[in-house]
Amino acid sequence: MGYGSGELIIRSYNAQNDRVRVEGLESICEVGPADKPFLFTDTLGDPICRIKNSPMYNMLVAELGGQLVGVIQGTIKLVTLHKPPKNVAKVGYILGLRVAPAYRRHGIGSRLVTKLEEWFVACDVDYTYMATEKDNEASYKLFVNKLGYVKFRTPAILVNPVNHHRSSQISSNFKLTKLKIEEAESLYRKYLSSTEFFPIDMGNILRNKLSLGTWVSYPKGETWGKVPTSWAMLSVWNSGELFKLRLGNVPISCFMYTKSSQLIQKFLPCFKLPSIPDFFNPFGFYFIYGVYGEGPLYGKLVKSLCNFVHNMASSKPKDCKVIVTEIGGNDTRSKLHIPHRKSMSCSEDLWCIKSLKNEDRKSLHKLTTMPPTRALFVDPREV
């Protein structure tokens, strides 16, 4: 395809030559539909920060006439994926697709995806998948209508702002315990290793310096030595150490309301009005992953754990302004009890998947239509 300014060149990212230019591209590209408030990403000087903790990763850049006009990132890992005749698959994840606004609708995005898929094929990947907002029409048209991806899962993204002036209440009827890494890995493998997208290298995630720990909650009077009648667990990942976010395209009325609520909270705390975090300056967030548990008190126990994480985040005003959780779309029992702000959350994110091997294409329909497992593991390394 001709682009007017010369031949389009797609190659691997070179940190020495491309870092500054990629950061410049990122700064002018919004994340999400352009007609709504969107997020800008600050990679803190490291464009590959979102993928470098994965087992295998790659970043491609597109150049036109010597100008960098697009980027894309991808990761590869082994996960549980229920398909005959085996339950483990090598999957490639596509993220970070950006095309400079002046060069959109010229096929650059599809060329980048195709080149990344070629790398997946060379690495013997079974399936490739991506995530997007369900109302992101441009992304949907590119991946589903043009590139052959199909709808796979619709997780829920739950976002809870951190109130740095008030602690969340934790019931005195429950006990919270931080697990050792070995204990956490054993527990996850016992209860979640059969769920969708559970990573085979779970231990590497838990041992990563960004993983702040794994906690369990159970009724007081019972011991963790034997499985309690009810229990819940979760782990926390400090995404703010990798990159920051900033909100854009927000109405001035919302901006003024945010500022006024912060002033009221600061100077008139007796009113106990909820303060809205400042999302107009770069902010970090904690990501809760591996949410699971059993028993009749599960809901209350997972809520107590989330309140604990909120209190942990509230002591870090510069590091964390929101707490994000992503759970399976049919995991209603968790959604009911995980604290979140409905206006900031997404009830249906969209995952789309594509088979890269001829022998797997026959089973793709069965894979995408079979009932999903209640729990869906979302890898914090790919947030």
Side-chain angles (χ1 to χ4, degrees), residues 156-188 191-192 202 205-225 227-241 265 272 274-275 277 283-327 331 333-342 344-345 375 377-378 380 383:
I157 301 176
L158 309 179
V159 181
N160 194 39
V162 176
N163 190 329
H164 295 286
H165 303 283
R166 187 184 306 171
S167 297
S168 295
Q169 186 175 2
I170 300 176
S171 174
S172 58
N173 296 322
F174 304 141
K175 185 174 182 180
L176 273 66
T177 300
K178 185 176 183 179
L179 299 180
K180 295 180 179 179
I181 292 176
E182 294 75 17
E183 292 177 303
E185 182 179 359
S186 176
L187 201 61
Y188 276 126
Y191 289 100
L192 289 183
M202 184 68 200
I205 299 176
L206 296 171
R207 291 178 178 85
N208 192 291
K209 66 178 182 180
L210 297 174
S211 196
L212 301 181
T214 301
W215 288 265
V216 293
S217 179
Y218 51 95
K220 273 191 174 178
E222 299 190 40
T223 62
W224 185 248
V227 179
T229 55
S230 293
W231 60 277
M233 68 182 297
L234 56 75
S235 299
V236 184
W237 183 271
N238 186 6
S239 298
E241 282 291 313
Q265 183 67 48
K272 297 183 178 180
S275 175
F283 63 92
F285 65 97
Y286 285 171
F287 184 76
I288 292 177
Y289 67 99
V291 180
Y292 188 76
E294 296 183 346
L297 295 177
Y298 166 77
K300 294 181 178 179
L301 289 166
V302 78
K303 184 177 181 180
S304 71
L305 285 171
C306 291
N307 287 343
F308 168 78
V309 176
H310 174 274
N311 294 345
M312 182 170 65
S314 67
S315 66
K316 306 287 185 180
K318 293 183 179 180
D319 296 340
C320 181
K321 290 187 179 178
V322 295
I323 298 170
V324 182
T325 316
E326 189 165 6
I327 59 175
D331 190 1
R333 66 168 192 160
S334 294
K335 185 177 180 181
L336 286 173
H337 298 283
I338 294 176
H340 63 280
R341 184 80 60 84
K342 188 175 181 180
M344 300 173 66
S345 301
F377 194 94
V378 180
V383 175

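For clarity, every value in this text was computed on a predicted model and none was experimentally measured.
Between Val236 and Trp215 there is a side-chain heavy-atom pair separated by less than 4.5 Å. Contact check for Ser239 versus Leu210: no side-chain heavy atoms found under the 4.5 Å cut-off. The shortest distance between side-chain heavy atoms of Thr177 and Lys175 falls below 4.5 Å. With contacts defined as side-chain heavy-atom distances shorter than 4.5 Å, the pair Lys178/Thr214 does not qualify. In this structure, Ile157 and Ser345 have side chains that are not in contact, with every pair of non-hydrogen atoms separated by 4.5 Å or more.
If you take NE2 on His337 and CG on Leu297, they are separated by 10.0 Å, rounding to the nearest 0.5 Å. Put simply, CG on Leu158 and NZ on Lys342 are 12.0 Å apart, with the number rounded to the nearest 0.5 Å. In this structure, Leu234 CG and Ile288 CD1 are separated by 5.5 Å, a value rounded to the nearest 0.5 Å. To the nearest 0.5 angstrom, Met312 atom CE is 12.0 Å from Ser168 atom OG. Rounding to the nearest 0.5 Å gives a distance of 6.5 Å between CZ of Phe377 and OH of Tyr188. To the nearest 0.5 angstrom, Ile205 atom CD1 is 12.0 Å from Ile181 atom CD1.
Checked by atom type and distance alone, the side chain of His340 pairs as donor or acceptor with a backbone atom of Ile338 at under 3.5 Å. Ser186 places no side-chain N or O within 3.5 Å of a backbone atom of Glu183 that could act as its donor or acceptor partner. Of the possible polar contacts, none joining the Glu326 side chain to the Ala156 backbone as a donor-acceptor pair under 3.5 Å is found.
Annotation for Pro339 and Asn307: closest pair CG-OD1, 3.8 Å, computed over non-hydrogen atoms. Here the closest non-hydrogen pair linking Val322 and Pro161 is CG1-CA, 4.0 Å. Heavy atoms only, all atoms of each residue included: Ser334 and Asp331 are closest at OG-OD2, 2.9 Å. The two atoms that bring Val378 and Tyr289 nearest to each other are O-CB, 3.9 Å, heavy atoms only. The two residues Val302 and Ala232 come nearest to each other via the heavy atoms N-CB, 3.7 Å. Here the closest non-hydrogen pair linking Ile323 and His310 is CD1-CA, 3.5 Å.
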Evaluate the criterion side chain to side chain contact (heavy atoms under 4.5 Å, CB included) for residue pair Thr325 and Phe287; output intermediate values, then yes/no.
-> CA-CA 6 Å; Thr325 316; Phe287 184 76; 5.8 Å; no
Side chain to side chain contact (heavy atoms under 4.5 Å, CB included) evaluation trace for Ile170 with Asn311 | CA-CA 10 Å; Ile170 300 176; Asn311 294 345; 3.9 Å; yes
In sequence, state the C-alpha distance, the side-chain angles, and the governing distance for Val216 and Leu176, and then conclude on side chain to side chain contact (heavy atoms under 4.5 Å, CB included).
-> CA-CA 6 Å; Val216 293; Leu176 273 66; over 6 Å; no
Stepwise, does the side chain to side chain contact (heavy atoms under 4.5 Å, CB included) test hold for Val159 with Phe285?
-> CA-CA 10 Å; Val159 181; Phe285 65 97; over 6 Å; no
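Not less than 6.0 angstrom separates the ring centroid of Phe174 from the ring centroid of Trp231. You'll find the ring centres of Trp224 and Tyr218 inside the 6.0 Å limit.
Not counting sequence neighbours, the partners of Ser217 by the side-chain hydrogen bond (donor to acceptor under 3.5 Å, both in side chains) test are Ser304. Shown here are the salt bridge (Lys or Arg N to Asp or Glu O under 4.0 Å) partners of Glu185, two or more places apart in sequence or in another chain: Arg189, Arg207.
A donor atom on one side chain and an acceptor atom on the other are not found under 3.5 Å apart for Glu294 and Ser230.
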